[in-house]
Amino acid sequence: MPRRIAGLSVRIRALSTVLCVLLLAAAGFGLHRALGPRGEAVADHPPAGAPAGPRTADRIVPVPLSVTPGSGPGYRLTAGTVIRAAAGAEAVERQAGEVRRIAERLAEALRRPTGLPLPVAEPGDGDGIGLALDPALPETTGPEGYRLTADATGVRITARSPEGLFRGTQTLRQLLPPQIESTTRVTGGPEWTVAPVTVEDRPRYGYRGAMLDVARHFFTPAEVKGFIDRLALYKLNHLHLHLTDDQGWRIEIPARPALTAVGAVSEVGGTPGGFYTAADYQEIVRYAQERYLTVVPEIDLPGHSNAALAAQPELDCTGSARPWPYTGIEVGFSTLCPTGDAVFSFTRDVVTELARLTPGPYLHIGGDEVKRVAPAAYAEFVRRVGEQVRAAGKTPVGWNQTAPGGIGVLQFWDGRAGRDAELREATERGAEVIMSPSGRSYLDMKYESGYPLGLVWAGTIDVRSAYSWDPDTLVPVRAGSVLGVEAPLWTETLDTPGELDRMLLPRLPALAELGWSPRESHDWGRFRSRLAEEGARWEAAGYGYERRPEVPWPAR
Ligand code: IFG
């Protein structure tokens with residue numbers, strides 16, 4: 001190497017030695033100025049854990065569209081704080097009732113930990129928390145957007161719809177100390193103070209969901225409500241219930257009593273299964289609706305149907321049924337007979353009942369992993385079931401394999417075998433996509449190999465991987481065809497709410513932020529620092545979570 005270059009390399013080595021010493025000194029003196037690889041000062045991420053003082057709105061998850069810090073003292077909840085619900089003069093009566101119920105639910109959530117009276121009063125001025133519909137807000141606010149201002153006199157949340165007010169109340173909870181999530185009174189607790197701020201916020205995508213597989217392992221309505229609580233914290237707005245599979249049929253269909261009498265008895269591993277009566281399912285729907293989540297029920301057809309075949313053996317014309325109950329976790333072996341009057345009479349009974357019980361617009365017909373049916377027969381089966389769903393007044397949704405059957409809302413999961421070409425063509429024909437890429441959003445994937453729970457067929461997914469992708473561009477599709485994101489939680493290996501929690505938290509907030517926050521705000525370094533503050537909130541709420549090393553949790 002010519003001397004000059006060598007001399008240069010000596011100088012670089014000396015400089016880097018000096019820098020290393022500086023870095024060590026900085027670290028030693030506890031200086032938090034983050035230094036980049038070449039020693040330059042980079043935008044430092046606040047040290048792990050919550051900075052001192054009330055949480056500022058730029059720290060919450062999902063991060064809002066716009067945050068303008070205020071000046072002066074924030075607002076402190078006291079015994080004199082009143083919560084006022086105003087629907088606005090021109091609001092219809094129904095909305096006034098909704099706004100009041102949102103105020104009541106907020107009051108309940110805040111009374112529990114603070115012990116403050118927090119009465120809900122009629123509209124009026126004065127100290128406190130005000131919720132009000134405001135049709136004068138810009139159209140761009142949309143149905144879920146809201147405006148939140150806080151100053152010394154109180155907190156005001158306005159929105160164009162009750163749903164937007166509800167999303168705003170979730171932000172308010174996140175601006176209060178972590179102990180606000182406690183389900184019991186916090187004595188000697190912190191000051192319940194909200195920092196002064198103006199937040200203007202609205203979601204990037206209209207569809208932000210999570211799926212719970214209640215077929216592999218059954219979860220009671222109470223356990224599903226707990227799942228809904230976690231989704232609502234992060235402004236998700238769809239709950240997809242995977243109700244049927246090879247191991248269990250979980251929804252009562254009165255016209256087909258064998259589906260639950262026979263098909264619900266068991267689950268993976270052979271432990272007792274269970275099912276939802278119509279009343280159970282409607283209670284889940286009600287609970288979800290109160291939190292502005294739309295329930296999307298899935299009846300997986302024609303595959304993943306061994307439980308249906310056990311109950312309706314006349315539909316097993318391909319001889320695909322396995323001995324019942326089936327308690328294993330293989331996939332792709334079962335299919336309903338894809339042709340003939342009997343199967344479409346069956347699907348009509350199921351679709352009709354599910355549509356009757358479901359106020360939301362979507363019925364998911366599955367369509368994944370059908371290995372024993374010729375492509376043309378499969379496409380025709382999907383097309384006919386799709387027609388039955390439309391005839392029942394609903395919009396059919398299917399896993400991306402259903403594209404050839406003319407399904408208009410495709411849930412993308414399977415990037416293998418060149419599926420994305422088929423998907424792009426479908427979107428160019430007008431189909432829309434819910435992004436659930438298995439390698440990024442399948443929360444039943446292990447965090448890392450060797451992790452005790454979950455599967456690895458789609459790879460491992462740590463928090464950074466769950467966060468570091470863009471739903472608009474991961475798979476080439478028509479611009480604007482992506483409705484949003486959904487995080488499926490399959491339960492072959494999960495059979496308790498505690499195990500669900502460990503897979504959900506902390507990856508669910510990562511996917512929730514992808515669905516809600518502006519693309520420009522996407523930054524793993526900043527997100528992980530904000531996410532670290534959620535740990536104390538989950539502990540206060542009694543939620544389990546995985547303290548993953550890729551998140552800088554504050555010392556306990
Ligand atoms: N793929 C199957 C699921 C489940 C999953 C587990 C889809 C659409 C693997 N189908 O994902 O039933 O077994 O990770």
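What you see is a predicted model; the values in this text were computed from it and never measured. Worth knowing before you read on, the calculation uses all heavy atoms, side chains too, and leaves out hydrogens, waters and symmetry mates. When a ligand or atom number is given, it counts from 1 through the structure's own listing order.
- Ring geometry for Phe527 versus Tyr467: interplanar angle under 30°, hence parallel rather than tilted (30 to 60°).
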Please tabulate, one line per pair, the protein nitrogen or oxygen atoms found under 3.5 angstrom from a nitrogen or oxygen of ligand 1, with distances to 0.1 Å, or say none if there are no such pairs.
residue, atom, partner, partner atom, Å
ligand 1, 10 (N), Asp368, OD2, 2.8
ligand 1, 10 (N), Glu369, OE1, 3.4
ligand 1, 11 (O), Tyr442, OH, 2.7
ligand 1, 12 (O), Arg216, NH1, 3.2
ligand 1, 12 (O), Arg216, NH2, 2.9
ligand 1, 13 (O), Arg216, NH2, 3.2
ligand 1, 13 (O), Glu492, OE2, 2.5
ligand 1, 14 (O), Asp444, OD2, 2.6
ligand 1, 14 (O), Trp457, NE1, 2.7

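- For the residue pair Gln247/Asn306, the side-chain donor-acceptor check at 3.5 Å is not satisfied.
- Counted by atom type alone, Thr171 and Tyr146 present one or more donor-acceptor pairs between their side chains at under 3.5 Å.
- Screening residues 269-349 for disulfide (SG to SG under 2.5 Å) gives Cys317-Cys337 as the qualifying pairs, with residues at least two apart or on separate chains.
- Asp300 places no side-chain N or O within donor-acceptor distance of the main-chain N or O of Thr244, the cut-off being under 3.5 Å.
- Under the 30°/60° scheme for interplanar angles, the aromatic rings of Tyr326 and Phe333 are found to stand perpendicular.
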